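Everything below concerns the one structure shown next.
Order of appearance sets the numbers: ligands from 1, and atoms from 1 within every ligand. Just so it is clear, the model here is predicted, and its values are computed rather than measured.
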Amino acid sequence: MSTIELSKRQQHILSIVKEFGPITGEQIAEKLSLSRAALRPDLAILTMSGLLGARPRVGYYLTGKTPSDVIAGVLGNIKVVQLQSQPVAVKNTCSVYDAIVTMFVEDVGTLVVITADGYLEGLVSRKDMLKATLAGSNLNTLPVNVTMTRMPNIVVTYPDESILVAAKKLLSHQIDSLPVVNIVDVEGVEKYQVIGRFTKTNITRLFVQLVGK
Ligand code: ADP
């Protein structure tokens, strides 16, 4: 994947193509007083990033895509399954105390709460734990499902959903993570099987990888 940041020479190439395109690589090289070979990496980056199109015997032309179209194209093509982390689950009978310990041990901010047969029932975040603590309840006996956010109010994502759609869900619902689920039919009832965890950290990691520096 290429970086979106363009060098001075790449910007110069774009302005030449804008003025003279369609134009061959030879002709661009001539205008820049460079060899065709020296230009090849820049042309490759510009075509791979979608800013330039290339047609045999015709030459290079501007696709008309803006850098933000290109970014949207890259992000829109990456699926949740490519970035997701492992889910961390506790049973609905787990105590708030044990759920807090699990958060520390697994180093996560959100736990999914599952039914005895393993399907998504709810989700607890750090704030949910703080709420239970402030209420002065006995954390050893209080089951986690008393303080969780429960179905059907859980915002989920799917393995083949675009990360752009998933990221918009995180923002619009002001939450840190989404369970990644497969929908299964259990005797006519739709249930969610949790197969991953999509978080703000996944997006931050991608952001750094894309820049590649
Ligand atoms: P934190 O509590 O660490 O700030 P969040 O901002 O993710 O974490 O959680 C805020 C509230 O939103 C909590 O009550 C939590 O249960 C709920 N919540 C978190 N993730 C989801 C989700 N995917 N769907 C629905 N509610 C969620």
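The proximity of M148 to ligand 1, defined as any non-hydrogen pair under 4.0 Å, does not occur for either the backbone or the side chain. The side chain of P179, and not its backbone, has at least one atom closer than 4.0 Å to an atom of ligand 1 (non-hydrogen atoms only; side chain from C-beta on). With a 4.0 Å heavy-atom cut-off, ligand 1 is reached by the backbone of L123 and by its side chain too.
Proximity annotation for atom 24 (N) of ligand 1: of V155, T110, L111, V155 comes nearest, heavy atoms only.
The nearest protein atom to atom 3 (O) of ligand 1, hydrogens excluded, is given as R126 NE, 3.1 Å; this is a heavy-atom distance. Shortest contact from atom 22 (C) of ligand 1 to any protein heavy atom: I175 CD1, 3.5 Å. Scanning the protein heavy atoms around atom 9 (O) of ligand 1, the nearest turns out to be S125 OG, 3.4 Å. Of the protein's non-hydrogen atoms, D128 OD2, 3.3 Å is the one closest to atom 15 (C) of ligand 1.
Under the rule for a side-chain hydrogen bond (donor to acceptor under 3.5 Å, both in side chains), the partners of T157 that lie at least two apart in sequence or sit in another chain are E161.
No more than 12 heavy-atom neighbours from other residues, nucleotides or ligands sit within 6.0 angstrom of NZ on K168. Within 6.0 Å of CG on N140 lie more than 12 heavy atoms contributed by other residues, nucleotides or ligands. More than 12 heavy atoms of other residues, nucleotides or ligands shown are found within 6.0 angstrom of OH on Y61.
Assignment of K169 to the shell around ligand 1 is not supported, since no heavy atom sits closer than 4.0 Å. Residue contacts with ligand 1 do not include G109, since none of its heavy atoms lies under 4.0 Å from the ligand. Ligand 1 lies out of reach of V124, whose nearest heavy atom is not under 4.0 Å from it.
Near N153, the atoms of ligand 1 lying under 4.0 angstrom from a non-hydrogen atom of the residue are 24 (N), 25 (C). Within the listing of ligand 1, atoms 6 (O) sit less than 4.0 angstrom from a heavy atom of Q174. Taking a cut-off of under 4.0 Å to the non-hydrogen atoms of T149, the atoms of ligand 1 that pass are 14 (O), 15 (C), 16 (O), 17 (C), 26 (N).
Closest heavy-atom contact between P87 and V194: CB-CG1, 3.8 Å. Taking all atoms of both residues into account, the shortest heavy-atom contact from I163 to L75 is CG1-O, 3.3 Å.
Of the possible donor and acceptor atoms, none in the side chain of N92 sits under 3.5 Å from a partner among the backbone N and O of N145.
Checked against a 3.5 angstrom limit, the closest N/O atoms of D176 and ligand 1 fall inside it.
Look at D160 and K79 and you find no salt bridge, because none of the NZ, NE, NH1 or NH2 atoms lies under 4.0 Å from a carboxylate O.
Residues P159 and N182 are in side-chain contact: their nearest non-hydrogen atoms beyond the backbone lie under 4.5 Å apart. L43 is listed as a side-chain neighbour of I28, based on a closest heavy-atom distance under 4.5 Å.
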